[in-house]
Amino acid sequence: KMERKVLGVVGFDMGYPLSYRFLRRFGRVCKVTMPVLTFARYILESSLLEYKLNVDVSESLLAAATLVLAFKVKGIEGWEATLEYYSGISVTDMRPVANMLLEMLQRPPKENLKTVRSKYSHKVFHEVATIPLPDNINFE
């Protein structure tokens, strides 16, 4: 209780660490381009509609897995060691979540839930929602 009072007095704003913030950090340290980061944001924003991904998966793991999926879909290599170092999560642990995200993206969108896909199909967002998805991801 006293810790909260002290933090309040000195003006610290203690918020919950969000997956979007983790994604920005991981993207920065991996030196991703804006189109790749935007694709990862699209994946992350789409995942907000998935109950299991928001309850069973930590924010940092979700962010790392979205970046892994974006790297894999775009064919970018050489990021593994950096992402593992700064996230503290092994690529092996990211695999199941990345696969869940890929399955989510492969499903046809429901009529009433097309907003995210429509938003990221625009030129301003590098039309990342129109990027063809692979049937599966090779982690080898």
Side-chain angles (χ1 to χ4, degrees):
K1 200 171 183 179
M2 186 55 151
E3 288 86 356
R4 284 190 206 164
K5 187 174 182 178
V6 169
L7 289 172
V9 169
V10 295
F12 281 77
D13 183 15
M14 300 297 288
Y16 189 72
L18 300 174
S19 54
Y20 187 79
R21 299 279 183 225
F22 282 112
L23 180 60
R24 283 180 49 187
R25 170 74 176 141
F26 299 155
R28 192 175 312 123
V29 297
C30 291
K31 297 182 173 90
V32 300
T33 62
M34 188 51 71
V36 174
L37 183 59
T38 303
F39 185 48
R41 286 178 180 159
Y42 162 63
I43 298 166
L44 187 61
E45 210 168 303
S46 297
S47 76
L48 292 173
L49 305 171
E50 298 291 318
Y51 179 81
K52 186 173 182 153
L53 289 169
N54 287 283
V55 173
D56 297 339
V57 179
S58 74
E59 299 286 329
S60 58
L61 176 56
L62 182 60
T66 60
L67 199 53
V68 166
L69 182 56
F71 283 143
K72 290 292 186 178
V73 169
K74 300 292 269 175
I76 298 169
E77 297 181 7
W79 47 266
E80 293 88 347
T82 304
L83 186 57
E84 284 183 344
Y85 177 81
Y86 285 98
S87 70
I89 305 166
S90 72
V91 174
T92 304
D93 292 339
M94 297 176 205
R95 286 179 189 178
V97 180
N99 283 319
M100 287 170 47
L101 290 165
L102 179 61
E103 290 171 18
M104 170 200 72
L105 290 175
Q106 290 171 333
R107 287 193 302 258
K110 295 178 181 170
E111 254 332 287
N112 60 342
L113 299 175
K114 290 186 176 181
T115 307
V116 174
R117 191 167 289 191
S118 174
K119 170 185 171 182
Y120 282 94
S121 294
H122 195 273
K123 260 187 176 169
V124 172
F125 295 99
H126 306 282
E127 300 171 327
V128 294
T130 62
I131 293 173
L133 298 169
D135 292 331
N136 53 42
I137 303 169
N138 181 10
F139 281 96
E140 304 314 319

Rounded to the nearest 0.5 Å, what's the gap from CZ on F22 to CD1 on I89? Could you check? 8.0 Å
Over all heavy atoms of both residues, which pair between A98 and A65 is shortest? Give the atoms and the distance, please. N-CB, 3.8 Å
Give the minimum heavy-atom separation between R117 and A129, together with the two atoms involved. O-CB, 3.5 Å
Test side-chain contact (heavy atoms from CB on, under 4.5 Å) on I131 and H126 and set out the steps. CA-CA 10 Å; I131 293 173; H126 306 282; over 6 Å; no
Can you tell me how far apart NZ (K72) and CE (M94) are? Round to the nearest 0.5 Å. 11.5 Å
Where do L67 and C30 come nearest, in terms of heavy atoms and distance? CD2-SG, 4.5 Å
Are T33 and I76 close enough, and set up right, to give a side-chain contact (heavy atoms from CB on, under 4.5 Å), and what steps lead you there? CA-CA 11 Å; T33 62; I76 298 169; 5.6 Å; no
Measuring only between side-chain heavy atoms, which start at C-beta, is L69 closer than 4.5 Å to V97? no
Working note: Y20 + R41, criterion side-chain contact (heavy atoms from CB on, under 4.5 Å); need CA distance, chi angles, decisive distance, verdict. CA-CA 8 Å; Y20 187 79; R41 286 178 180 159; 3.3 Å; yes
So, taking the atom named OG in S19 and the one named CG in L62, what distance separates them when rounded to the nearest 0.5 Å? 5.0 Å
Any donor-acceptor pair under 3.5 Å from H122 side chain to V124 backbone: yes
Please give me the minimum heavy-atom distance between A40 and T66, naming the atom from each residue. O-CB, 3.9 Å
S118 side chain to T115 main-chain N or O, any donor-acceptor pair under 3.5 Å? no
Compare every heavy atom of F125 with every heavy atom of T38, then report the nearest pair and how far apart it is. CG2-O, 3.4 Å
Are any of the side-chain heavy atoms of E59 and P17 separated by less than 4.5 Å? no
Assigning hydrophobic clusters by single linkage (Ile, Leu, Val, Met, Phe, Trp, Tyr; side-chain heavy-atom cutoff under 4.5 Å), is M100 placed with L48? no
Are V36 and Y86 connected in a single hydrophobic cluster, I mean Ile/Leu/Val/Met/Phe/Trp/Tyr linked by side-chain heavy atoms less than 4.5 Å apart? no
Exam field: side chain N99 to backbone I137, donor-acceptor pair closer than 3.5 Å: no
Note, L83 side chain near V68 side chain (heavy atom, < 4.5 Å): yes
Among L101, L102, V128, side-chain contact (heavy atoms from CB on, under 4.5 Å) partner for I43: L101
Can you tell me how far apart CG (L133) and CD (E103) are? Round to the nearest 0.5 Å. 12.0 Å
Do V29 and V32 sit in one hydrophobic cluster, given that two such residues count as connected whenever their side-chain heavy atoms are within less than 4.5 Å of each other, even indirectly? no
Quick one: does Q106's side chain have a donor or acceptor within less than 3.5 Å of a partner on P134's backbone? yes
Verdict with reasoning, Y42 to L105, per side-chain contact (heavy atoms from CB on, under 4.5 Å): CA-CA 10 Å; Y42 162 63; L105 290 175; 3.9 Å; yes
Other residues, nucleotides, ligands: >12 heavy atoms within 6.0 Å of R95 CZ: yes
May I ask you to decide if the ring planes of F71 and W79 are parallel, tilted or perpendicular, using 30° and 60° as cut-offs? parallel
In terms of heavy-atom contacts, E45 and Y120 come closest through OE1-OH, 2.8 Å
Could you tell me the separation between the OG atom of S60 and the CZ atom of R25, rounded to the nearest 0.5 Å? 13.0 Å
